[in-house]
Amino acid sequence: MVDANQRWDVEEAIQYMKNLAHFKLHWIEEPTSPDDVLGHAAIKKALAPFGIGVATGEQCQNRVVFKQFLQSGAMDFCQIDATRVGGVNENLAIILMAAKCKVPVCPHAGGVGLCEYVQHLSVFDYICVSGSTENRVIEYVDHLHEHFLDPCVVRNGCYVVPEMPGYSIEMKPDSLAAHEYPDGHTWKELRAKGLIEDK
């Protein structure tokens with residue numbers, strides 16, 4: 001897998017990925033501007049003979065944009081982002097649309113609390129919609145989980161279903177207090193080191 005993070009234009013993405021095809025990459029993530037649906041479709045079409053899929057969606061903010069990606073066949077992997085899309089219901093609508101279009105959902109995660117958020121959406125997809133883990137992955141970054149009351153757990157390369165009720169994103173009061181702007185301990189420390197100034 002390669003993540004271009006929206007860096008390339010359409011032709012650049014195609015050329016770079018053709019040059020990397022001998023590595024048998026599974027997908028190119030966010031190869032170009034996240035709202036260029038037709039550009040993604042062109043990249044997908046050009047890379048299909050090389051067995052390289054297109055994963056995108058982490059920058060999409062609603063089901064309408066996802067509908068355009070899915071209907072135009074511009075994505076091989078649907079990457080919902082639990083914090084950019086407007087709530088649980090909107091995410092569920094996208095998961096259902098992706099299932100209708102036979103596109104696996106591979107949630108984007110990695111930021112503060114994203115892993116905690118998206119595990120629930122993947123569990124819903126597995127239990128209620130797809131019944132499959134085939135071609136599905138969830139990103140995982142192993143940092144900042146210590147700030148949550150019910151942090152996600154990964155064992156043997158798989159998320160473990162949370163046992164506590166809720167969305168697993170409630171933060172510890174001490175973490176909130178330490179990072180509260182402008183008087184939290186973290187901000188005071190940065191000021192003391194001269195790394196930030198109050199204006």
Side-chain angles (χ1 to χ4, degrees), residues 1-9 12-13 27-36 40 55-66 69 75 77-95 105-125 136-199:
M1 299 175 194
V2 171
D3 187 347
N5 207 17
Q6 312 153 32
R7 177 71 176 95
W8 299 324
D9 66 26
E12 278 181 307
W27 77 35
I28 174 62
E29 181 175 334
E30 289 201 305
T32 194
S33 176
D35 53 1
D36 186 355
H40 278 82
T56 195
E58 72 181 72
Q59 295 291 331
C60 295
Q61 54 285 73
N62 60 54
R63 67 184 181 274
V64 175
V65 178
F66 277 99
F69 272 101
M75 63 169 54
F77 302 95
C78 178
Q79 292 190 294
I80 54 176
D81 184 301
T83 60
R84 287 196 181 100
V85 171
V88 175
N89 289 341
E90 193 83 353
N91 275 293
L92 298 183
I94 295 163
I95 290 169
V105 175
C106 301
H108 169 252
V112 179
L114 279 178
C115 297
E116 282 72 19
Y117 263 119
V118 298
Q119 64 184 336
H120 297 276
L121 297 170
S122 284
V123 167
F124 172 81
D125 179 32
R136 285 166 170 77
V137 296
I138 309 173
E139 292 178 319
Y140 176 75
V141 176
D142 191 19
H143 71 103
L144 303 174
H145 302 291
E146 68 274 11
H147 297 290
F148 294 89
L149 293 175
D150 185 22
C152 65
V153 175
V154 172
R155 190 176 301 129
N156 297 324
C158 298
Y159 278 76
V160 176
V161 176
E163 294 182 9
M164 291 176 61
Y167 217 6
S168 303
I169 56 157
E170 186 175 351
M171 295 186 78
K172 294 178 180 177
D174 290 348
S175 291
L176 289 172
H179 293 88
E180 183 180 11
Y181 183 81
D183 298 319
H185 174 73
T186 302
W187 295 103
K188 289 179 180 177
E189 208 171 79
L190 291 171
R191 276 189 215 91
K193 291 179 181 177
L195 298 174
I196 61 170
E197 300 177 10
D198 291 320
K199 291 188 178 190

Quick check: are there more than 12 heavy atoms from other residues, nucleotides or ligands sitting under 6.0 Å from CD of Glu163?
-> no

Does a side-chain heavy-atom distance below 4.5 Å link Glu30 with Asp3?
-> yes

Distance in Å, Gln6 CD paired with Glu58 CD, rounded so as to fall on 0.5 Å steps = 7.0 Å

Rounded distance [0.5 Å steps], CD1 in Ile94 versus CG in Asp81 = 10.0 Å

Does some side-chain heavy atom of Trp187 sit less than 4.5 Å from a side-chain heavy atom of Pro182?
-> no

From Ile28 atom CD1 to Trp8 atom CH2, the distance as rounded to the nearest 0.5 Å = 4.5 Å

Here the gap from Lys188 atom NZ to Lys193 atom NZ, rounded to the nearest 0.5 Å, amounts to 15.5 Å

Search all heavy atoms of Trp27 against all heavy atoms of Val137 and return the closest pair with its distance.
-> CH2-CG2, 3.6 Å

Just wondering, are more than 12 heavy atoms of other shown residues or ligands nearer than 6.0 Å to CD in Glu12?
-> yes

List the steps, then state whether side chain to side chain contact (heavy atoms under 4.5 Å, CB included) holds for Val112 with Phe148.
-> CA-CA 10 Å; Val112 179; Phe148 294 89; 3.9 Å; yes

Apply ring pair (Phe, Tyr, Trp, His ring centres under 6.0 Å) to Phe66 and list each qualifying residue two or more places apart in sequence or on a separate chain.
-> none

Is there side-chain contact between Gln79 and Glu139, with heavy atoms separated by less than 4.5 Å?
-> yes

Where is the tightest heavy-atom contact between Ile169 and Gly113, given as atom of each residue plus distance?
-> CG2-O, 4.0 Å

What is the minimum heavy-atom distance between Pro31 and Ala55, and which atoms define it?
-> CD-O, 4.3 Å

Could you tell me whether the side chain of Asn62 reaches within less than 4.5 Å of the side chain of Glu90, counting heavy atoms only?
-> yes

Check: Cys152 and His145 side chains under 4.5 Å, non-hydrogen atoms = yes

May I have the step-by-step check of side chain to side chain contact (heavy atoms under 4.5 Å, CB included) for Leu92 and Leu121, ending in yes or no?
-> CA-CA 8 Å; Leu92 298 183; Leu121 297 170; 4.3 Å; yes

Can you tell if the side chain of Asp35 reaches within under 4.5 Å of the side chain of Val65, non-hydrogen atoms only?
-> no

Closest heavy-atom pair, Gln119 versus Val160, reported as atoms and distance to 0.1 Å, is OE1-O, 3.8 Å

Tell me, please, which residues at least two apart from Tyr167 pass ring pair (Phe, Tyr, Trp, His ring centres under 6.0 Å).
-> Tyr117, His120

Roughly how far, to the nearest 0.5 Å, is the NE2 atom of His185 from the CG atom of Asp183?
-> 13.0 Å

What's the verdict on side chain to side chain contact (heavy atoms under 4.5 Å, CB included) for Thr32 and His40, showing C-alpha distance, side-chain angles and the deciding distance?
-> CA-CA 7 Å; Thr32 194; His40 278 82; 3.5 Å; yes

Where is the tightest heavy-atom contact between Gln59 and Pro34, given as atom of each residue plus distance?
-> CB-CB, 3.4 Å

Least distance between heavy atoms, Asp198 atom then Arg191 atom = OD2-NE, 2.8 Å

Can you tell me if CZ on Arg7 sees more than 12 non-hydrogen neighbours from other groups inside 6.0 Å?
-> no

Measure from the side-chain N and O atoms of Glu180 to the backbone N and O of Ala177, and report whether any donor-acceptor pair falls under 3.5 Å.
-> no

Rounded to the nearest 0.5 Å, how far apart are SG of Cys106 and CD of Glu29?
-> 9.5 Å

Looking at side-chain heavy atoms only, is the closest gap between His108 and Val118 below 4.5 Å?
-> no

Would you call the rings of His147 and His179 parallel, tilted or perpendicular if under 30° counts as parallel and over 60° as perpendicular?
-> perpendicular

Do Ser122 and Tyr159 have side chains that get closer than 4.5 Å, going by heavy atoms?
-> no

